[in-house]
Amino acid sequence: MNTTFSMNRLGLLISRYFIENKQRELAFWGIATIVFMLMHQAESVSMFVFIAGLVFASNSFKSFNYTPTGMHFLLIPATHTEKLVTAIILNTVYFFAAFLVTYTVGTFIGINLENLIFGHNVPVTFNLFESTNQFGQESTSLWSTFYSFAILQAVFTLGSVYFKRSGAFKTILSIFVLSFGLALLEMLMLKLMFGSFHLNGNNDFNINFPIGHELFPGMTVLGDVIKYATLPFLWIVSYFRLTEKQV
């Protein structure tokens with residue numbers, strides 16, 4: 001088999017997914033449309049799509065849950081890059097685009113049905129696309145929401161490749177353990193760097209900061225670099241883990 005990346009094989013892999021999962025996809029997005037007919041708050045909608053998305057991403061490589069299906073997946077005449085790119089397109093681009101379509105359709109139908117049944121005259125608004133403030137904080141743009149969603153999908157796609165079974169649960173557990181470890185490391189670093197810190201009654205850190213110079217110069221730039229490097233890093237790690245995968 002030619003190991004050069006092939007758009008034709010990529011298209012066949014994507015088509016294969018929809019052929020095998022057509023009924024499930026139609027059922028899920030039909031249910032999602034009904035949910036969006038009843039759910040209009042942007043926060044609730046975002047929570048729904050993030051939770052549903054991570055479940056979807058956790059099943060990206062569910063073929064490895066069992067030896068026969070895993071062997072069949074590895075024998076598919078396509079490169080590991082094409083298989084990973086297919087998973088990324090499906091659980092990130094396709095899922096988010098389908099979510100926007102079903103959200104728009106569901107919200108439009110839901111508000112118009114409420115107006116018709118209850119005699120209201122509520123204008124059709126799509127709160128998810130509004131740029132107003134929420135809870136006293138600046139609301140995130142649709143691009144920021146998509147990027148956060150893409151990172152979450154990349155994390156759970158990696159979990160799907162890395163763990164053989166119960167990928168979603170094991171990934172969530174790993175995130176919790178990692179976050180706890182980083183929090184302890186952060187407290188230790190603060191203690192070493194600033195001498196002392198404590199939690200006050202409002203659960204805020206009071207730290208003895210040095211005076212007279214900027215604290216952590218260039219931290220904003222470094223934060224942006226880390227932010228935008230996280231997504232390709234997770235994809236690259238997923239690729240190498242997929243190349244090592246055995247059943």
With the side chain counted from C-beta on, respond yes when [X] and [Y] share a heavy-atom pair under 4.5 Å apart, and no when they do not.
| X | Y | value |
| --- | --- | --- |
| Phe50 | Thr145 | yes |
| Val122 | Glu114 | no |
| Leu188 | Leu184 | no |
| Leu113 | Ile109 | yes |

Report the distance from atom [atom1] of [X] to atom [atom2] of [Y], rounding to the nearest 0.5 Å.
| X | Y | atom1 | atom2 | value |
| --- | --- | --- | --- | --- |
| Leu38 | Ser44 | CG | OG | 11.5 Å |
| Phe163 | Arg241 | CZ | CZ | 9.0 Å |
| Thr157 | Leu152 | OG1 | CG | 9.0 Å |
| Ile14 | Arg16 | CD1 | CZ | 12.5 Å |
| Leu231 | Trp235 | CG | CH2 | 4.0 Å |
| Glu82 | Thr79 | CD | OG1 | 3.0 Å |

[X] side chain to [Y] backbone, donor-acceptor under 3.5 Å:
| X | Y | result |
| --- | --- | --- |
| Thr69 | Tyr66 | yes |
| Gln153 | Ile88 | no |
| Thr102 | Phe99 | yes |
| Thr92 | Ile89 | no |
| Glu25 | Phe18 | no |
| Tyr103 | Leu128 | yes |
| Lys83 | Phe73 | yes |

Parallel, tilted or perpendicular: ring planes of [X] versus [Y], cut at 30 and 60 degrees:
| X | Y | answer |
| --- | --- | --- |
| Phe96 | Phe146 | perpendicular |
| Trp143 | Tyr147 | tilted |
| Tyr239 | His80 | perpendicular |

Quick check: closest heavy atoms across [X] and [Y], and the distance to 0.1 Å?
| X | Y | result |
| --- | --- | --- |
| Phe28 | Ala52 | CZ-CB, 3.9 Å |
| Phe156 | Ser58 | CD2-OG, 3.2 Å |
| Ile151 | Lys227 | CD1-O, 4.2 Å |
| Ser6 | Arg9 | OG-N, 3.2 Å |
| Leu100 | Thr104 | O-OG1, 2.8 Å |
| Thr125 | Thr107 | O-CG2, 3.5 Å |

Ring centre gap for [X] and [Y] strictly below 6.0 Å:
| X | Y | result |
| --- | --- | --- |
| Phe126 | Phe108 | no |
| Tyr162 | Phe61 | no |
| Phe36 | Phe48 | yes |

Report yes or no: do [X] and [Y] belong to one cluster of Ile/Leu/Val/Met/Phe/Trp/Tyr joined by side chain heavy-atom distances under 4.5 Å?
| X | Y | value |
| --- | --- | --- |
| Ile111 | Phe118 | no |
| Val155 | Phe95 | yes |
| Leu84 | Ile236 | yes |
| Phe149 | Ile175 | yes |
| Val161 | Phe64 | yes |

Taking atom types as modelled, find out whether Ser160 and Asn59 have a side-chain donor-acceptor pair closer than 3.5 angstrom.
no

Count the heavy atoms of every other residue, nucleotide or ligand shown that sit under 6.0 Å from CD of Glu20, and state whether that count exceeds 12.
yes

Evaluation steps, side chain to side chain contact (heavy atoms under 4.5 Å, CB included), between Thr230 and Leu234
CA-CA 6 Å; Thr230 299; Leu234 291 170; 3.9 Å; yes

